[in-house]
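For reference, the structure is listed below as structure tokens.
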Protein chains: 2
Amino acid sequence: MEKLSKELIGASSTPIILSILTKNESYGYEIIQNIKEITGGKIEFGEGTLYPVLHKLEKKGLIQSSWKVAESGRKRKYYKISNEGKKELKIEKENWNTINQIISKIWKVEPNLI
Amino acid sequence: MEKLSKELIGASSTPIILSILTKNESYGYEIIQNIKEITGGKIEFGEGTLYPVLHKLEKKGLIQSSWKVAESGRKRKYYKISNEGKKELKIEKENWNTINQIISKIWKVEPNLI
DNA sequence: TTTTTATACATCGAACTTCTATGTATATTT
DNA sequence: AAATATACATAGAAGTTCGATGTATAAAAA
């Protein structure tokens, strides 16, 4: 089992990013490493993929950014989740449960709530 | 809980269609009704959405089509799954399990195999 | 009988997505 | 001094969903 399909990546990227930002503020480059780590390399975002997603989420008001200077002296754009984003994450979780119930039924196995 | 997001639809459309065709041959219009029924209206494909997906799957060799005339006298394009399609469905199921384990972990609940 | 609805296929263009490539810049390591 | 890692950003290619539109025929309703 290798890398996941583009479609599955697309469906999971928003809830995964919002979940990460629920735990801590973070910035693009770190989020990429983080996702790679927690998925055991099964999801690897390129920078050209993740940054536009972050911009989209910010534009929709689900996350907010602010430039900060790290101890290293490097500038980083930190993102935090907004209240809107928390609501959206809740909806996304419900949607994920729904689709799981649907495909569980189609594949005739027990549905699994997440 | 209403209709599912475009992304989730996109991620699930291929496995759902292949699963339907694993049970019986079917044709576009019927597949649309079928999906609407088994998902309780949560997934509703428009014709302009489903037909291109079927064409794509056929082009990739996952399904095969043949025109037939129904008892009603109506012409229908029936699709059946190919061996390639069966292999693909297996992979898609594995991928679905993988992503479920990943997001289960992220959301800190027990992982659930489908 | 004429009109409407349901069935059945197809394509187009708008909007959006992912991905690879490219560009810029700075800190750290070799 | 050079190479690598960190950090952000955008552009263009390819692919997707979706509503709109078009064609055609069978069944149902007016």
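Letters A, B, ... are given to chains in the order of the sequence lines, protein chains preceding strands, and every chain is numbered from 1.
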query = Can you check whether W96(A) reaches N100(B) side chain to side chain, under 4.5 Å on heavy atoms?
reply = yes
Spacing of S65(A) atom OG and R76(A) atom CZ [to the nearest 0.5 Å] = 15.5 Å
key: Euclidean distance, atom CD1 of residue I35(B) to atom P of dT17(D) [Å, nearest integer]   = 12 Å
message = Please confirm whether the shortest side-chain N or O distance from K75(A) to OP1 or OP2 of dT6(D) is below 4.0 Å.
response = no
note = K56(A) atom NZ is separated from dC19(C) atom P, nearest whole Å, by 12 Å
message = Regarding R76(B), tell me which of base, sugar-phosphate or nothing describes its non-hydrogen contacts under 4.0 Å with the strands shown.
response = sugar-phosphate
message = Quick check: closest heavy atoms across I106(A) and S19(B), and the distance to 0.1 Å?
response = CG2-CB, 3.5 Å
query = Between dT17(C) atom P and K59(A) atom NZ, what is the distance in whole Å?
reply = 9 Å
Nearest-neighbour nucleotide for the R74(B) side chain, dC8(D), dT6(D), dT7(C) considered = dT7(C)
remark   = Atom CD of Q33(B) and atom P of dA8(C) are separated, to the nearest Å, by 8 Å
task = With the side chain of Y29(A) defined as its heavy atoms from C-beta on, choose the nearest nucleotide among dT16(D), dA8(C), dC8(D).
result = dC8(D)
request  = Looking at every strand, decide which applies to G48(B) at a 4.0 Å heavy-atom threshold: base, sugar-phosphate, or nothing.
outcome  = base
remark   = In K87(B), K86(B), K93(B), E94(B), the residue satisfying side-chain contact (heavy atoms from CB on, under 4.5 Å) with K90(B) is E94(B)
query = Atom CG of L54(B) to atom C1' of dG15(D): distance rounded to whole Å?
reply = 17 Å
task = State whether Y51(A) places a side-chain N or O below 4.0 Å from either non-bridging phosphate oxygen (OP1 or OP2) of dC8(D).
result = yes
ask   = Checking all strands, does G28(B) fall into the base, sugar-phosphate, or nothing category for heavy-atom contacts under 4.0 angstrom?
value = sugar-phosphate
ask   = Is the cationic atom of K68(B) (NZ for Lys, CZ for Arg) positioned less than 6.0 Å from the six-membered ring centroid of Y78(B) and within 45 degrees of its normal?
value = yes
message = By the 4.0 Å heavy-atom rule, please label E7(B) as base, sugar-phosphate, or nothing.
response = nothing
inquiry  = Under 4.0 Å, heavy atoms only, any strand: does E30(A) hit a base, just the sugar-phosphate, or nothing?
reply    = nothing
request  = Determine the contact category for T49(A): base if any of its heavy atoms lies under 4.0 Å from a base atom, sugar-phosphate if only primed atoms, P, OP1 or OP2 are that close, otherwise nothing.
outcome  = base
ask   = Does K6(A) put a side-chain nitrogen or oxygen below 4.0 Å from OP1 or OP2 of dC19(C)?
value = no
inquiry  = Please report the distance, rounded to the nearest Å, between NZ in K77(A) and P in dT26(C).
reply    = 17 Å
task = Give the rounded distance in Å between these two atoms: NZ of K60(A) and C1' of dC16(C).
result = 11 Å
request  = Under 4.0 Å between any heavy atoms, over every strand shown, what does Y27(B) touch: base, sugar-phosphate, or nothing? Just pick one.
outcome  = sugar-phosphate
ask   = What is the distance from CG of L50(A) to P of dT20(C), rounded to the nearest Å?
value = 14 Å
inquiry  = The side chain of S13(B) is closest to which nucleotide in this list: dA9(D), dT17(D), dA6(C)?
reply    = dT17(D)
task = Applying side-chain contact (heavy atoms from CB on, under 4.5 Å) between L21(A) and each of L57(A), I63(A), L89(A), L62(A), report the one that passes.
result = I63(A)
query = Under 4.0 Å: is that the gap between some side-chain N or O of H55(A) and OP1 or OP2 of dC8(D)?
reply = no
